[in-house]
Amino acid sequence: MKPNQKSKSLLVALAIALLLLPFVTDALLGRGWVRIADFAMLYIMLALGLNIVVGYAGLLDLGYIAFFAVGAYCYALTGSPHLAIAFPALFPGGVHLSFWVVLPLSALVAGGFGVLLGAPTLRLRGDYLAIVTLGFGEIIRIFLNNLNAPLNLTNGPQGISRIDPISTAGVSLNATQEIFGIALPSVHLYFYLFLAFTALVIFISQRLEKSRIGRAWMAIREDEIAASAMGINTRNLKLLAFAMGAMFGGVSGTLFAGFQGFVSPESFSLMESIMVLCMVVLGGMGNIAGVILGGVLLALLPEILRHSVVPMQQALFGKTLVDPESLRMLLFGGALIVMMLYRPAGLWPSRVRRRELDTDEAAETV
Amino acid sequence: MNNPAALPLLQLSSIGKQFGGLSALSDVSLHIRRGEIYGLIGPNGAGKTTLFNVITGLYQASAGEFRFNGQRYQVCKPHVLAQAGIARTFQNIRLFANLTALENVMIGRHLRTRAGVFGALLRNRTTRNEEHAITERARELLHYVGISKPAQTLAKHLSYGEQRRLEIARALATEPLLLALDEPAAGMNATETENLKALLQTIRGSGITVLLIEHDVKLIMGLCDRIAVLDYGKKIAEGIPNEVRQNPAVIAAYLGGSDD
């Protein structure tokens with residue numbers, strides 16, 4: 001009973017810390033960092049979604065950002081004046097669906113795309129699967145880039161702007177709101193919204209991991225032939241993994257579009273897919289806490305660099321010699337190599353807890 | 001329609017299997033009766049594992065008819081045959097190495113349980129009861145095959161003999177009618193082989209039919225009710241162990257006797 005109570009009080013402490021985080025960050029580092037924390041949570045959701053595909057089912061997906069894009073464009077199209085401008089006859093006043101209506105729809109659409117893009121890859125494994133999914137990811141991005149003619153569906157490379165901000169029960173998250181006499185700026189409001197969604201995504205991941213479905217995914221990851229000989233329908237379960245992962249990506253993308261107010265294809269490049277994959281791999285494939293850690297680190301790293309490299313160089317040399325963006329790739333590559341050498345299972349690999357349990361059990365029997 | 005219980009459990013008629021131009025199996029017919037231990041032997045490359053893979057759905061037969069439990073199967077995936085009641089082990093152990101012994105057996109229960117995504121998310125009473133039953137059954141099976149290490153040990157940390165037994169436990173978890181074992185005694189020492197023999201007899205005693213491929217002729221002769229001998233993809237003999245042992249074709253195949 002005791003460790004249970006301990007973990008419960010730890011959870012409460014963590015929740016309080018997270019609730020206070022935007023205020024502390026705002027006071028210490030400035031409002032820009034609250035916005036960065038908001039983005040970090042979008043990345044965490046993406047990483048947890050990809051973790052289902054890569055970490056649980058063992059399907060190396062290099063085009064995952066496509067589902068983020070699908071979610072983002074779902075809300076961009078239905079929550080902006082774009083369709084009214086492009087097709088005035090069809091949508092005279094624009095669509096302007098509520099965010100809360102679009103959210104489940106875009107999760108479903110993204111899930112559908114997950115199945116659609118997953119289905120042709122079912123016979124592929126490892127490197128081959130990676131190459132095909134990479135291609136699919138790029139296809140989606142190129143479609144978004146070019147679907148401005150003959151029919152202007154996506155507005156091409158200019159992207160879609162003036163997306164409605166997310167609002168709940170008539171309260172817009174894009175303005176400072178006062179609750180119990182505390183002024184909550186927009187970024188704080190989004191922080192709490194994203195926190196709630198991240199918590200939901202963590203909850204779903206956890207429940208799935210410790211279930212019959214999760215075990216079947218891991219069986220496929222470990223040995224597909226043995227899994228199928230044990231009666232697991234590998235086709236259906238792989239498609240389910242693609243769909244679940246894509247749904248998380250779609251939700252994250254919808255939130256992104258509402259938060260940002262603007263989407264364009266360049267947000268969904270291959271580099272972003274690789275970033276999300278790195279979050280999963282660096283953090284610890286298959287382990288939720290590890291994936292979250294990876295997401296936080298990799299979302300913060302470029303921002304820390306951006307804020308420290310230029311002032312540091314200015315102070316040292318009087319001018320900027322190295323662009324923080326190129327330094328980011330250098331450090332990133334270095335970190336990957338170091339990780340591969342010293343911690344190939346990730347910063348926080350999934351079996352640590354189990355091994356602890358093992359020793360506990362062994363200690364009990366002695 | 002005959003009473004299915006009276007029919008043989010597995011009936012192969014003129015099974016052939018070709019890989020490109022190579023004929024790995026040709027015109028193999030055999031039947032396995034309910035409740036027996038059936039042995040399949042033959043020199044290296046005789047087609048034993050190929051036949052085995054055809055029976056378990058990993059390969060599709062190029063010719064012939066396949067009947068299991070009164071039902072005819074044509075093009076069939078392994079998971080469909082597992083559902084029908086054929087469970088197998090592998091010649092080169094194929095456990096889920098990074099999962100625990102318990103999880104390995106729990107995965108074997110996948111087939112006979114139902115919880116889906118919603119069950120997993122809601123974790124309602126039905127799902128919890130099912131999970132509980134899965135865990136209990138998996139623990140029982142670990143005990144049944146004689147794995148004494150903690151259930152949370154990773155499969156890859158078990159000893160070789162235990163890994164072989166874990167594969168059997170995982171296969172039993174699918175509630176098979178036919179348990180097909182591909183060289184279960186390979187690499188085992190004499191004691192381990194004796195334990196395996198006892199285990200297989202217990203399994204048969206519980207009403208499960210056993211199909212055994214084995215190199216260890218002593219084990220096969222002592223354990224099996226009937227034996228088929230394959231050579232160059234053809235069945236050259238079938239019968240009770242003593243008959244087969246004295247069959248000149250079998251002696252020739254094994255000792256490379258004079259071909260006329």
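Chain A is the first sequence line, chain B the second, and so forth, proteins listed ahead of strands; every chain is numbered from 1.
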Student: B/Ala115, B/Ala171, B/Ala82: which one forms the most heavy-atom pairs within less than 4.5 Å of chain A?
Tutor: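 Among B/Ala115, B/Ala171, B/Ala82, the one with the most close pairs to chain A is B/Ala115.
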Student: A/Ile52 pairs by side-chain contact (heavy atoms from CB on, under 4.5 Å) with which of A/Val201, A/Leu208, A/Leu240?
Tutor: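 Between A/Ile52 and the candidates, side-chain contact (heavy atoms from CB on, under 4.5 Å) is satisfied uniquely by A/Leu208.
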Student: In terms of heavy-atom pairs under 4.5 Å with chain A, which of B/Met106, B/Arg88, B/Gln83 leads?
Tutor: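 Option with the top pair count is B/Met106.
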Student: Heavy-atom cut-off 4.5 Å, strictly under: side chain, backbone, both or neither for B/Glu130 against chain A?
Tutor: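 Interface part for B/Glu130: side chain.
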Student: In plain terms, say whether B/Glu131 and A/Arg212 are close enough for a salt bridge, that is, a side-chain N and a carboxylate O under 4.0 Å apart.
Tutor: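 Here B/Glu131 does not pair with A/Arg212 in a salt bridge, since their nearest N and O are not under 4.0 Å apart.
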Student: Between A/Tyr43, A/Phe99, A/Phe68, which is the residue that forms a ring-ring contact (aromatic ring centres under 6.0 Å, His included) with A/Phe256?
Tutor: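 Of the listed options, the one satisfying the test is A/Phe68.
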Student: Determine whether a donor-acceptor pair (N or O, by modelled atom type, separation under 3.5 Å) exists between the side chain of B/Gln163 and the backbone of B/Leu158.
Tutor: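 Present.
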Student: Counting only heavy atoms closer than 4.5 Å, note whether B/Arg114 contacts chain A via side chain, backbone, both or neither.
Tutor: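 Contact with chain A involves the backbone of B/Arg114 alone.
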Student: When heavy-atom pairs shorter than 4.5 Å are enumerated against chain A, which of B/Val117, B/Thr56, B/Asn104 gives the highest number?
Tutor: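 Ranked by heavy-atom pairs under 4.5 Å with chain A, first place is B/Val117.
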Student: So, B/Thr126 and B/Asn129: side-chain donor and acceptor under 3.5 Å apart, yes or no?
Tutor: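 On atom types as modelled, these side chains do not qualify, holding no pair under 3.5 Å.
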Student: Quick one: which of A/Ala227, A/Ser211, A/Ala219 has the most heavy-atom pairs under 4.5 Å with chain B, could you say?
Tutor: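 With the most close heavy-atom pairs to chain B, the winner is A/Ala219.
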Student: Between B/Phe68 and B/Tyr73, how do the two ring planes meet: parallel, tilted or perpendicular, split at 30° and 60°?
Tutor: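 Tilted, since the angle between the ring planes falls between 30° and 60°.
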Student: Name the option with the most non-hydrogen atom pairs under 4.5 Å to chain A; the candidates are B/Thr113, B/Leu58, B/Ile134, B/Thr127.
Tutor: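 Ranked by heavy-atom pairs under 4.5 Å with chain A, first place is B/Thr113.
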Student: Looking only at heavy atoms and a cut-off of under 4.5 Å, which of B/Leu121, B/Leu81, B/Leu111 has the most pairs with chain A?
Tutor: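 Greatest number of close heavy-atom pairs with chain A: B/Leu121.
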Student: Please say whether more than 12 non-hydrogen atoms of neighbouring residues, nucleotides or ligands are located less than 6.0 Å from OH in A/Tyr128.
Tutor: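 For A/Tyr128, atom OH is not crowded (no more than 12 foreign heavy atoms under 6.0 Å).
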Student: Pick one of side chain, backbone, both or neither for A/Leu237, based on which atoms fall under 4.5 Å of a heavy atom in chain B.
Tutor: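 Just the side chain, heavy atoms under 4.5 Å.
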Student: Select, from B/Thr174, B/Ile107, B/Leu122, the one with the greatest count of heavy-atom pairs under 4.5 Å involving chain A.
Tutor: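 The residue among B/Thr174, B/Ile107, B/Leu122 with the greatest pair count is B/Ile107.
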